[in-house]
Engineer: 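Structure incoming, see below.
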Amino acid sequence: MAKIRLISEHLRLNLDILAKKAGGKERLIAVLKDNAYGHGLDLFAPKAADFGILHAITRDVKEALEIEKYFSDVIVLSEHKEVFFKHPKIIFAVNELEALKSVPSGVRIALKTDTGMHRNGIKIDELESACALISQRNLSLHSIFTHFRSADEISGEFFAQRKKFDEIKTRYAALSERYALGEVYYHSCNSAALLRCGEFDEDFARVGIAMYGYCDLPEAFGHFGLKPVLELFARKISTREVKKRERVGYGGVYEADKDMISSLYDVGYSDGILRYNGKGGLKSANGSLILGRVSMDSISINSNEEEICIFNDATVWAKHFGTISYDVLVKLNAKIPRFFI
Ligand SMILES: *Cc1c(COP(=O)(O)O)cnc(C)c1O
């Protein structure tokens, strides 16, 4: 079976870079949703906590319950409103006004507001109704937040959304007095927004991809020195010689242009690597050519090494497949053994 090596030093470095930008580690919320972007939640969460991270985000309650012991609080982003319950550390994101009507008393919530992404969130003119419901239902409002739709693109939209969020802050200041609600925390930035935002002046930034070592911002925003944490390795199952003009694998897509070594390694698309179709010259991390199509449980590579690093930079695969690093990482099967060095 393949294995995943996680490099502690790179995680520490990335967190230092992000903490510096945010004004302290205590201002970072580690986004650990979806098995920590494929890195492995059970391993990654305590390591992030060891490095001084106090706050986390998960996708659902199951993930939150697994890791709440390591953090002072965990925000659950996308849970169904029927599931919400009172817990000292778990904070449920409320993604629409309607959901507020059924949240049990005392539940800790984070109010998602829509500043232009139009995917979910309370609209600015619903803010007063939301405050009324929060007060009526005696909910514990932890924070108000929003999400940018174009943080990693050069466009004015980022600034328009920031302005909208400022408006929400001003409105809430007035409403909190009227409805006797306390002060709240504000957070809007994901990785790209934090790295590009100039002076960071909010309570928290929600960092996912940059913590894992990637930043999809255009070159114009500069380089930040982040390093990928994850490396995917596979072990050799068998080796053979392929003669000139023999074709390797399903469909015979790869034809040898000379006699060469071809080894079969134990990772395939069942492990969550994208199914390379054998065209386009994709290579392993050390530059060995992948020969033909990726199979379900294996991959042929022009190499004789016992163990081979399939990738240590997900952007290589992301670029080949016309997708993003998130997509390559998050798909890595949870059953692949993972370990930190
Ligand atoms: C996934 C997610 C993030 C993290 O985004 P990155 O680009 O990985 O830093 C932040 N906020 C919300 C609401 C998210 O869904």
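Both counts, for ligands and for their atoms, begin at 1 and track the order of listing.
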Engineer: Among protein heavy atoms, which sits nearest to atom 12 (C) of ligand 1, and what does the distance come to when rounded to 0.1 Å?
Structural biologist: His147 CE1, 3.4 Å
Engineer: Between Ile324, Ile209, Ile57, which one has a non-hydrogen atom sitting closest to atom 6 (P) of ligand 1?
Structural biologist: Ile209
Engineer: Is Asp327 salt-bridged to Lys331, cutoff N-O under 4.0 Å?
Structural biologist: yes
Engineer: Please state which protein non-hydrogen atom is closest to atom 7 (O) of ligand 1 and give its distance, to 0.1 Å?
Structural biologist: Tyr326 OH, 2.7 Å
Engineer: Could you check whether any side-chain heavy atom of Lys25 comes within less than 4.5 Å of a side-chain heavy atom of Leu54, counting everything from C-beta outward?
Structural biologist: no
Engineer: So which residues get pulled into Phe158's cluster when ILVMFWY side chains under 4.5 Å apart are joined, directly or through others?
Structural biologist: Phe148, Phe159
Engineer: May I ask you to check whether Tyr37 has an N/O atom sitting below 3.5 Å from an N/O atom of ligand 1?
Structural biologist: yes
Engineer: So which of Arg119, Arg206, Lys33 gets nearest to atom 2 (C) of ligand 1, if we judge by its closest heavy atom?
Structural biologist: Lys33
Engineer: Please find the pair of heavy atoms, one from Ile324 and one from Ala318, that lie closest to each other, and give the distance.
Structural biologist: C-CB, 3.6 Å
Engineer: What protein heavy atom sits nearest atom 5 (O) of ligand 1, and how far away is it?
Structural biologist: Asn190 CB, 3.4 Å
Engineer: Are His187 and Phe145 near enough that their ring centres are under 6.0 Å apart?
Structural biologist: yes
Engineer: Taking Arg338 for the side chain and Gly38 for the main chain, is one N or O donor matched with an acceptor at less than 3.5 Å?
Structural biologist: yes
Engineer: Kindly assign one of parallel, tilted or perpendicular to the pair Phe85 and Phe92, based on the angle between their ring planes and the thresholds 30° and 60°.
Structural biologist: perpendicular
Engineer: At a 4.0 Å cut-off, with the gap strictly under it, does some heavy atom of Tyr212 reach an atom of ligand 1?
Structural biologist: no
Engineer: Using distance alone, determine whether Gly208 and ligand 1 share an N or O pair under 3.5 Å.
Structural biologist: yes
Engineer: To check your reading of the model: name the closest protein heavy atom to atom 9 (O) of ligand 1, its residue, and the distance in Å.
Structural biologist: Ser191 OG, 2.5 Å
